[in-house]
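The structure appears below as structure tokens.
Side chains are part of it too, since the values below use all heavy atoms of this structure and drop only hydrogens, waters and symmetry mates. Please read all numbers here as calculations on a predicted model, not as lab measurements.
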Amino acid sequence: MRVRLAAISALVLVSAGCGLSSGQPESVADKETLVIGVKQDQPGLGLRKGSKYEGFDVDVAAYVAGKLGVQNVRYVTAPSAKRESMLQAGTVDLIFASYSVTPERKTKVDFAGPYYVAHQDTLIRSSDTTIHNVRDLRGKKLCEVAGSNSWRRVKEERKVAVNLVAGASYSDCIDQLREKTVDAVSTDDLILAGFAGQDDSIKIINAPFTDERYGVGVKKGDVAGCEAVNKAITEMYQDGTAEKLLKKWFGPTGLKVTLSVPQFEGCG
Amino acid sequence: MTVAPVSPAPQNAAPATMAATGPPLTLPPGPPSDERTPRRRTVPGRVRTLTGVAVVAVALLFGATALAIGNVRDGLQVIGHDAGPQVVATADLYFALSDMDAQIANVLLIGRETSLGKGRQQALTRYDQRRAEASRAVLQAAELTIGDPTEQRTVRSVLDGLGRYERLASQALLLDEQARHPAGPPPQRVIDIYRQATDLMRLDLLPKAYNLTLDSGTIVRETYEEERAAVLTGRILVAVAGLGTLAVLIALQIFLARRFRRVTNPALLLATLATAGLTLAGWLLLSQEADDLRMAKENGFNSVLSLSRARAIGNTMHGDQSRYLLDPGRADTYEQVYLDKSQSVLYTPGGNLDKYYVGVDNAVSAFPDKSDFLGFHGIEANNITLPAQSEAVADVLKGYQRFQQDDRRMRQLALAGQSRQAIAHRMGPLSDSFESYDKSLVGLTGLHGQAFDRAIENGDGSLGGWNLILPGASLLIALLIAAGVWPRLSEYR
């Protein structure tokens, strides 16, 4: 009888165990080590310096990881084209890499956040007094960066008749702006701010005309992890850390930053 | 299989280990004297032990079932009666706030005109009404966040912000009234104040209200997953306890049949049948309840929440249309956020509004044969689970299409410089098509709401009676066991 009772209780324990851990993959909310994907070439957001990364994205990632109770965080470069596949394959747990939330991406990964809503804005020479908003770009020379969609937003979506001048990268565009071969550079304000902060001869016009929601990439289906990240982001805004970090990285640039928590995308 | 018998060999060694007699190993402790009557002591001792095990097994069955039913009750309570309905209330908060801001924009846009749409007074009345709704919803949200300091801070800051918003809104209204301007953009000083108000609303209050809904949705999801897992585990425990009880009862009967040369023991037989019945009924009940919880969560709650979000976003889109006409300096921004929001409601590829309108036309005309669009409406269109849902979704899609077509017309008029006609279109046909779209959305949400209520009602209904059935049946089984064993034991007195 003791044997039987023992057998019954063993069975009970086993079945209870099965019911609780029914093969769900581990959530980032429960992990002790996290691999986080960031940008390596975006001043102010994610920039690689030696073996370290620095920038707003990196600081936000560190805060969120801390709130999740993670001891070890490892940062890796997440190139734009590989972000979905890295999350799907599990080579990274989270992505903080100026990763805009879009409906297409949402079919492949889940998004916590956004932790910040950036806006497309325009960078001009400080001496220029003719450009106040995107409409004023009509007839002006706008830098067109290969592989970026930002110029389309001006020329195709806003239908402003600009003259496009090719640039190899945003740093190249900034050089051209100083040399007056272009009149304006238009892309996410946080990216522009990274450049404007280093130079008084250029300025942001503070006339945003799009919403770019920077989300946190989470593996599809990890609802608990996504919700935990959202909670951490809420707390980051409540305890003043968001303000501190935004001022740290973008304060000197004259950019108007939003200091209240963004509208989340919703998990799962 | 043959086992070397030690004492009187049983004819067949199976089915229970207890039948294999041998030197008494598991006797209740007693004085090891009286060597003349070892057998007489052994038999009643064994009967007592087996009976004791049987009664403990019945108690376990009772406990397992009671525990699982407790989980069912908790799940139904939280999802069906507490958090579930309250989550929907926080979604109403977003809606009310967003409509407050839209009504202010309308009043400022209409100016001193009286012939446009439903007019200034009605917009103001609706503003007051939404203000009252928002207050009620904040209270409900506050109730829901008890115990979560992060969410409580959010509720508090929504409340603070609402006060600031009202101050700015009344300032804008006052300046606007003094300006007595014709329909169209008010003087810049009015626009400047309104910009502060609408920025506070759109960038600060609405996101927080929206996140509150998501947070409370988390409570429901967590409760659901915990309780449902517990119910399913409980179902296994009930089966194990039930089968264990049956095994003990059968063993007891075999033992009695052998020792006392009686073929059946009617009371024990009844106890066995009652145990089988209780176990089966418990299993079926828990399966049914797990199913009801799933129905309520997945076909009811999830859809209601997602459609409420779609409705809230639709309302801010309608406000963005007024703001687009109201504030030419920001028209580009308001048009862009309108497009972004449209794409979160119904997504088809296309980077600007012209392409989007075409995409919507194509998507809607292909439904219900094809539904390859994303966004809130895409999720709904690809998850048809209720009768009449497909028709209701078709209504919503057609309403949305008309709403977008009227939006196109309004923007064409505005771009052509016919600003008065654009405003008249906004306040007339566009407003009508928005309202009929909104109504169809409410209808579809209602369909899911009914499914939710039905599932919760079913769940509550099936539990009815188990307060009596479970203890009654368990007690009955225990009594039957006693009744079956008592006469045998008394033979030894």
Whatever's closer than 4.5 Å to a heavy atom in chain A on B:Y338 counts as neither
Under a 3.5 Å distance rule, please check whether B:T333 uses its side chain to pair with a backbone N or O of A:P208 as donor and acceptor. yes
For A:Q120 and B:Q336: C-alpha separation, side-chain torsions, deciding distance, then whether side chain to side chain contact (heavy atoms under 4.5 Å, CB included) applies. CA-CA 11 Å; A:Q120 183 158 347; B:Q336 186 65 39; over 6 Å; no
Of the listed residues (A:V261, A:T102, A:L259), which shares the most heavy-atom pairs with chain B below a 4.5 Å separation? A:V261
Working to the nearest 0.5 angstrom, can you tell me the gap between A:D211 CG and B:L203 CG? 8.0 Å
Exam field: side chain A:T234 to backbone B:E151, donor-acceptor pair closer than 3.5 Å: no
Bottom line for B:D340: the part with an atom under 4.5 Å from chain A's heavy atoms is side chain
Tell me whether A:K256 is salt-bridged to B:D199, with the criterion being a basic N under 4.0 Å from an acidic carboxylate O. no
Max heavy-atom pair count under 4.5 Å with chain B, selected residue of A:V223, A:T258, A:V134: A:V223
Look at B:D354 together with A:K159 and state whether they make a salt bridge at an N to O cut-off of under 4.0 Å. yes
Residue set satisfying side-chain contact (heavy atoms from CB on, under 4.5 Å) with B:S371, at least two apart, ordered chain then number -> B:F367, B:F373, B:A381, B:N382
Taking all heavy atoms of B:P207 and all of A:P262, pick out the closest pair and write down the distance. CB-C, 3.7 Å
Proximal to chain A - members of residues 209-216 of chain B, heavy-atom separation under 4.5 Å: B:Y210, B:N211, B:L214
Tell me, side chain or backbone of B:R309 under 4.5 Å from chain A's heavy atoms, or both, or neither? side chain
Taking atom types as modelled and ignoring hydrogens, do the side chains of A:Q238 and B:T154 form a donor-acceptor contact shorter than 3.5 angstrom? yes
Taking every non-hydrogen atom, the tightest pair across B:Q343 and A:P103: O-CG, 4.3 Å
How close do A:R158 and B:D332 get, heavy atom to heavy atom, and via which atoms? NH1-OD1, 3.0 Å
Within this structure, what is the CG-NZ distance for the pair B:L374 and A:K106, rounded to the nearest 0.5 Å? 9.5 Å
Using 0.5 Å steps for rounding, measure from the CD1 atom of B:I219 to the CD atom of A:E227. 10.0 Å
To the nearest 0.5 angstrom, please state how far the CD atom of A:Q263 sits from the OG atom of B:S344. 8.5 Å
Going from CD on A:E157 to CG on B:L339, what distance comes out if it is rounded to the nearest 0.5 angstrom? 6.5 Å
On a heavy-atom basis, the closest approach of B:R221 and A:A224 is NH2-CA, 3.6 Å
Do B:K208 and A:Y237 have side chains that get closer than 4.5 Å, going by heavy atoms? no
Please walk me through it: do B:Y347 and A:E104 pass side chain to side chain contact (heavy atoms under 4.5 Å, CB included)? CA-CA 9 Å; B:Y347 179 78; A:E104 281 116 341; 2.5 Å; yes
